[in-house]
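Throughout, a chain's letter reflects where its sequence line sits, starting with A, and its residues are numbered from 1.
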Protein chains: 2
Amino acid sequence: MADHRSTTRVLDILELIARNQDEKMSLANISKRLQAPKSSLYPILQTMVARGYLNYDENSYVYSIGSLCYEIGSRYLDNGALSQHIDQVLEHITSQCQETSHFAELNGNEVFYLNKKDSPQSIRMFSSPGKRLMAYSTALGKSLLSDKSDEELAELYPNGLYAVTEHTITSMDVLKKQLEEVRRTGFSYEVEESNHYIRCIAVPIRVNGRVRYAISVAVPVFRYTQEKEEQIRNLLQEAKESLEQKCVLPR
Amino acid sequence: MADHRSTTRVLDILELIARNQDEKMSLANISKRLQAPKSSLYPILQTMVARGYLNYDENSYVYSIGSLCYEIGSRYLDNGALSQHIDQVLEHITSQCQETSHFAELNGNEVFYLNKKDSPQSIRMFSSPGKRLMAYSTALGKSLLSDKSDEELAELYPNGLYAVTEHTITSMDVLKKQLEEVRRTGFSYEVEESNHYIRCIAVPIRVNGRVRYAISVAVPVFRYTQEKEEQIRNLLQEAKESLEQKCVLPR
DNA sequence: TTCTCCTGTTCGTAATTACGAACAACATTA
DNA sequence: TAATGTTGTTCGTAATTACGAACAGGAGAA
């Protein structure tokens, strides 16, 4: 593993500030949190502010993420014809079933949320673009993992599966059986395994034959009925076919 | 101006790769483009890939923007209650008038695009989140500049206004008169000044009394009518009032 | 094959950065 | 008022990084 100290520092600063937006991020605090001397971080922060990657409020002594991070980050999705259509697809799904829809990819062993469309009757579920969750605990993740061999799964989770909620799958064998079901039926399910009171249904999206993305709909348990499940499966199936048709390009 | 070399390098790399997605970005090419030795960039790139800020395709020798950039960048908008509502507002506008709507802020002397909702009958206009345009050449920019004093304007454009298209305003006096109109009427307009065949209407959004954001609708000239202009003004006015009510928080 | 052109990788020394301590400026607390 | 706790800033030396050259491996052309 490479470790170029200066580079590591720049990236550590970005992550620290981005992931702790509630905390007052002063130079002194960043220094404490990263266990690095103020005098070392000082010129780095100066440069990052001058370049627009960070903002600095002189009154409150707070560093925050700057617009250049947004500009750079936006380019992550520009590849692939898919991202041009995904907004409309999510919107259609959510407008039809009135529940929150998500679009995600696999990142290591985690689900990486790329986009979402909030339900109008939204029970503000804790999810947003850029968020990560252990794949095996979500419907999206099960769709994204459905492609993997037993060996690949073992490599992704060398220490086994830990429980996120009391309903999370913790047995690799159970997971494998569920993934087999996903391959057979085309749908993955989640019953309060990552969020209390939330159930999810998802489908894998294939690009050039390999699973690359997944779409899901999240439903609060008290609104979950057989009719709704049926409706959502149809919407997801429709979305899957539409997207897979539009995009045969590799990333 | 601070210049911490290592930090500068990291940021240069991100910008180079993000802004030249069509070009094959190999180590050798990055070295050439940044005029920095391969051996210096090598450990930096290694670290950035290891941390997920860049992806590297060993077959094509291409570095690209990684998911962590997306994660970090996504946090730029989390501040402020506004961003939670802006999606719905743009969607409402576009669904009513069937034209593309934009949300932006001022960044130096440039318009910085934060969000958009594409028209269903979209004449794919070249615009996307993270893009920048000279403020004086766009309706969004004129709304965002409407707050500025003559002195501030002079500071923002010390070298005057250059023409983006043949319709771009290049006289500071004309710009000032138009900004006066924006203050009086509440709307700003653009007639093919930044994009050929595109006209725009925009409104400023105030947070705590100061102009902070703007919303616009872009219309191809051949679909532009007085009735449509009237409709769009009403939609924008409605959106403005809705957003300003919901958000009195400073950034 | 052989040559060329592309890629990434390694190494020893010169130049740059990192460190800790000391300082200054301001706000809050005693 | 004085004491304490913030904050950012500066400096000289030790440790790290940057540099250019040389090398290695693969692709394609002569």
Salt bridge check, B/E71 against A/K131: does any charged N sit closer than 4.0 Å to a carboxylate O? no
Phosphate OP1/OP2 of D/dC19: any B/S40 side-chain N/O under 4.0 Å: yes
Nearest heavy atom decides the nucleotide; on that basis, is A/M25 or B/S6 closer to the 5' end of DNA chain D? A/M25
Looking only at D/dT7, D/dC19, C/dG8, the nucleotide nearest the B/A28 side chain is C/dG8
Answer with yes or no whether the side chains of A/T7 and B/T47 bring together a donor and an acceptor at under 3.5 Å. no
Verify the contact: side-chain N or O of A/R9 to OP1 or OP2 of C/dC19, cut-off strictly under 4.0 Å; return yes or no. yes
Thinking salt bridges, do A/E15 and B/R51 make one under a 4.0 Å N-O criterion? yes
Out of D/dC19, C/dC19, D/dT7, which nucleotide sits closest to the side chain of A/R5? C/dC19
Which whole-number value in Å describes the distance from B/L34 CG to D/dC19 P? 11 Å
If I take atom NE2 in residue B/H4 and atom P in nucleotide C/dA15, what distance separates them, rounded to the nearest angstrom? 18 Å
Protein-nucleotide distance (A/L45, atom CG; D/dT7, atom P), rounded to Å: 13 Å
B/D57 CG to C/dG8 P, straight-line distance once rounded to whole Å: 11 Å
Nearest-angstrom distance from the residue atom CG of B/L41 to P of D/dA18: 9 Å
Applying a 4.0 Å non-hydrogen cut-off, can you work out what B/S26 is touching in the nucleic acid: base, sugar-phosphate, or nothing? sugar-phosphate
Could one point to a donor on the side chain of A/K38 or the base of C/dG20 with an acceptor on the other under 3.5 Å away? no
Nearest of C/dG8, C/dC19, D/dC19 to any side-chain atom of B/Y42? C/dG8
Taking only the side-chain nitrogens and oxygens of A/Q46, find out if one of them lies under 4.0 Å from OP1 or OP2 of D/dG8. no
Using whole Å, what does the distance between atom C1' of nucleotide C/dT16 and atom CD1 of A/I44 come to? 13 Å
In whole angstrom, what separates A/D3's CG from D/dA15's P? 17 Å
Have a look at A/Y61 and say if it touches a base, only the backbone sugar-phosphate, or nothing, with a 4.0 Å heavy-atom cut-off. sugar-phosphate
Check the side chains of A/D3 and A/T8 for a donor-acceptor pair under 3.5 angstrom, ignoring hydrogens and angles. no
Between D/dT9, D/dG20, C/dT9, which nucleotide has the shortest distance from any of its atoms to the side chain of A/L27? D/dT9
Parallel, tilted or perpendicular: rings of A/H102 and A/Y113 (30°, 60°): perpendicular
Interatomic distance where NZ belongs to B/K32 and P belongs to D/dC19 [whole Å]: 18 Å
